[in-house]
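First the proteins, then the strands, lettered A, B, ... as listed; each starts at 1.
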Protein chains: 2
Amino acid sequence: MGVVETTKQRTARKAKPVAVPKEALPLGQILSGDCIEAMRSLPDASVDLVFADPPYNLQLGGDLNRPDGSHVDAVTNDWDQFDSFKIYDDFTRNWLTEAKRILKPDGALWVIGSYHNIYRVGAILQDLGFWILNDIVWRKTNPMPNFRGTRFTNAHETLLWASQGEKAKYQFNYNAMKTLNDELQMRSDWVIPICNGGERLKENGQKAHPTQKPEALLYRVLLATTEKGDVVVDPFFGTGTTGAVAKRLGREWIGCEREDFYRGVAQKRIDKELPLDESALKIMQSKRAAPKVAFGALVEAGFLKPGTEVFDKKRRWVATVRADGSLECGKQTGSIHGLGKDLQGAPSCNGWTFWHYEDEGVVKQLDAARQLYLLAVED
Amino acid sequence: MGVVETTKQRTARKAKPVAVPKEALPLGQILSGDCIEAMRSLPDASVDLVFADPPYNLQLGGDLNRPDGSHVDAVTNDWDQFDSFKIYDDFTRNWLTEAKRILKPDGALWVIGSYHNIYRVGAILQDLGFWILNDIVWRKTNPMPNFRGTRFTNAHETLLWASQGEKAKYQFNYNAMKTLNDELQMRSDWVIPICNGGERLKENGQKAHPTQKPEALLYRVLLATTEKGDVVVDPFFGTGTTGAVAKRLGREWIGCEREDFYRGVAQKRIDKELPLDESALKIMQSKRAAPKVAFGALVEAGFLKPGTEVFDKKRRWVATVRADGSLECGKQTGSIHGLGKDLQGAPSCNGWTFWHYEDEGVVKQLDAARQLYLLAVED
DNA sequence: TAAGTTTGTGAATCTCATA
DNA sequence: ATATGAGATTCACAAACTT
């Protein structure tokens with residue numbers, strides 16, 4: 001396997017096989033119809049990157065309402081309906097096969113998905129000979145909660161990044177990523193908000209597409225694994241986020257999209273897009289996640305053992321730490337903040353400074369344990 | 001499908017099929033030999049949870065045969081990539097099949113892996129009928145950097161949590177998780193340090209095991225998806241992190257481990273582990289677990305007099321409590337839930353939190369009266 | 001205008017006991 | 001089996017609205 005970062009190496013690389021001239025490709029066009037058919041119209045080994053956001057094959061039950069009674073607008077589109085894993089797998093194998101064919105030997109593939117489909121996609125692309133370079137976790141800052149309290153909040157999606165094979169070369173702009181990440185190596189978990197607000201495309205007040213991806217995500221993908229002038233194909237173009245970001249970053253793009261409506265929205269969007277300027281670059285840079293600590297994390301990590309007694313400064317109340325990081329004081333229980341609030345009858349309470357514990361005879365605020373934890377956790 | 005949180009329901013649930021008495025199981029033992037063989041010695045539908053940390057690197061040991069019967073030399077890596085996946089898949093299917101068999105109908109499975117193997121595992125467990133509930137990202141605070149700068153820092157591993165099937169019940173301690181996370185829903189991305197420092201087991205100054213998992217990870221898994229006394233099986237026991245945390249949390253455990261050395265290390269470790277006190281083990285209960293109270297019972301008991309006026313937060317509607325615990329608002333009548341639902345035109349309504357009443361000049365939710373009633377009725 | 005409050009919404013495999 | 005009714009359940013952010 002290998003990495004290519006300089007334009008020089010890249011040029012040498014491209015000269016090797018019979019290169020397909022870019023002019024032979026439908027650059028800057030949205031091909032209509034089925035993506036497998038559309039990709040068949042492209043020559044072998046002709047593109048640098050495929051970015052794919054295929055249907056996730058969600059299998060939703062009935063309607064879902066929020067606790068306030070409002071209705072959740074779910075993805076119920078026909079294009080996300082498959083009758084079985086077998087049918088979904090066949091579909092996946094077919095489009096991945098075409099993607100592999102049109103990619104140059106040193107090209108790469110990105111696919112985004114959720115737990116509903118990503119394990120099918122990952123296994124199949126490995127079967128086809130793709131070589132996984134990283135799996136990337138898109139950590140959403142603002143995911144939809146789990147309204148019924150039945151599972152963990154589904155707060156991330158997964159991207160797979162793969163080369164043509166174990167020994168294949170690929171483009172990785174290491175230094176660009178390091179710069180983007182405040183001079184630290186870019187990690188496999190990316191903290192990026194979901195696409196809403198002004199960026200979210202609307203038609204007649206309705207969202208134009210149910211699953212529009214944030215531009216920041218595509219920005220990072222293209223900045224990390226393509227260089228200027230590279231050709232990027234998106235087989236599931238939707239509203240054209242890939243095309244818009246590619247145009248902004250000076251990459252060539254080709255989209256495939258079955259639905260007339262989405263093609264129209266995408267075309268309009270990309271026509272308005274302008275090449276990148278410096279100020280835009282700064283805006284796209286992600287902020288580092290704030291080191292917020294839950295009290296429960298300290299208990300899990302053994303910094304405070306369940307059963308430990310904690311008390312307020314004047315020892316008016318004594319409570320016991322339980323396994324889940326809640327406190328128990330007589331019949332009353334709650335979080336460090338909530339129980340402190342209830343006991344005092346106060347409107348709010350900062351449990352970190354309200355509660356104390358004894359450590360080898362010395363009385364300390366809970367906040368002291370939090371500081372120790374943060375020190376231990378930050379490499 | 002469904003979630004179970006109360007001990008009461010749980011007991012009823014267990015009584016349904018011919019229950020395997022716990023005494024028939026090798027609780028607190030580390031079974032030697034191949035995990036598939038070891039699991040074969042356990043009865044059907046007998047355990048509550050399987051936690052598995054399978055090998056990624058095909059160190060399967062012993063003789064291996066291709067599906068066509070031809071022999072593969074595992075030690076000299078005498079296979080191509082296709083063989084390698086095939087063999088790994090067969091191995092995975094075999095141990096997952098045994099795991100599924102020994103799990104109770106409402107039991108659950110956890111598997112941890114990295115991008116090398118988790119896509120194989122995920123696809124196969126779906127094929128076997130397991131139903132993925134979440135994929136969880138263990139986000140490492142202190143991962144190994146990518147020294148050569150060729151990829152993104154591989155800063156996470158993935159855990160899959162699955163029930164026996166789409167309609168199967170499963171245990172999820174929602175409120176314990178919410179408490180552990182400072183009163184916010186626990187998300188699918190968990191920030192936990194890697195296992196090092198004093199927790200990392202050493203023998204003669206060397207790491208005892210190359211992939212020892214942090215206890216905080218198992219702590220959260222067991223706290224979230226088991227209750228006290230549940231039986232947890234770990235087919236790839238290693239140095240026994242699962243056993244140690246299970247013992248601490250008052251869960252029963254069974255391990256399988258092929259290597260004598262690891263069995264020795266694990267046994268010594270677990271012998272030293274002490275169970276937590278009863279009180280420390282308690283976790284925040286869900287309201288689902290609380291005894292159900294009929295509104296009519298409050299009225300009967302005089303906690304709310306017939307004729308009392310109740311109203312929603314904004315006083316858009318005012319209703320009168322009737323002797324049978326129903327409400328009347330103009331011509332409309334119904335239960336506290338049903339009337340609230342009808343008046344709002346909402347799909348559902350929790351009358352306990354929707355309706356309010358005045359008690360000595362203070363506005364309170366009906367739920368406050370329920371809490372008073374529960375306190376009075378207990379003991 | 002500025003500041004505070006209310007409302008809307010996002011790739012979601014989202015209940016359970018009883019009749 | 002399937003229908004019914006009780007009742008448990010939400011976080012971050014932005015836009016709209018009010019004071």
Reckon [X] has a side-chain N or O less than 4.0 Å from the OP1 or OP2 of [N]?
X      : N      : answer
B:H337 : D:dA6  : no
A:R148 : C:dT15 : yes
A:R151 : D:dT10 : no
B:R187 : D:dA12 : no
A:N154 : C:dT13 : yes
B:K314 : C:dT7  : yes
B:N175 : D:dT9  : yes
B:Y174 : D:dT10 : yes
B:K292 : C:dA17 : no

query: Considering only heavy atoms and no angle criterion, is a donor-acceptor pair shorter than 3.5 Å present between the side chain of B:S348 and the base of D:dA8?
result: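 It does, because a donor-acceptor pair links the side chain of B:S348 to the base of D:dA8 below 3.5 Å.
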
message: Should the side chain of A:R66 and the base of C:dG8 be counted as holding a donor-acceptor pair, with the cut-off at 3.5 Å?
response: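 Result: no qualifying N/O pair found.
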
For [X] and [Y], which heavy atoms make the closest approach, and how far apart are they?
X      : Y      : value
A:N142 : A:P193 : OD1-CA, 3.6 Å
A:A266 : A:I30  : CB-CD1, 3.9 Å
A:Q212 : A:L201 : OE1-N, 2.9 Å

- request: Name the nucleic acid region contacted by B:I132, choosing base, sugar-phosphate or nothing; use a 4.0 angstrom heavy-atom cut-off, strictly under.
  value: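 Base contact.
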
- prompt: Base, sugar-phosphate alone, or nothing: which one does A:N65 contact when heavy atoms must sit under 4.0 Å apart?
  reply: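 Touches nothing.
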
message: So if I take every side-chain heavy atom of A:T150 and compare against C:dT15, D:dA14, C:dT13, which nucleotide ends up nearest?
response: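 Of the options given, the side chain of A:T150 lies nearest C:dT15.
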
- request: Using the C1' atom as the reference point in each nucleotide, state the distance between D:dT10 and C:dT9 in Å, no decimals.
  value: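 It works out to 12 Å between them.
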
field: C:dC14 pyrimidine/purine six-ring stacking with A:F147, under 5.5 Å and 30°
entry: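 Not stacked by the 5.5 Å and 30° rule.
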
message: Exactly one of B:F130, B:W138, B:W161, B:F51 should register a ring pair (Phe, Tyr, Trp, His ring centres under 6.0 Å) with B:W110. Which one does?
response: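 By the ring pair (Phe, Tyr, Trp, His ring centres under 6.0 Å) criterion, B:W110 pairs with just one of B:F130, B:W138, B:W161, B:F51: B:W161.
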
message: If you assign each of A:G205 and A:N146 to its closest nucleotide in DNA chain C, which residue comes earlier from the 5' end?
response: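 Nearest nucleotide further toward 5': that of A:G205.
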
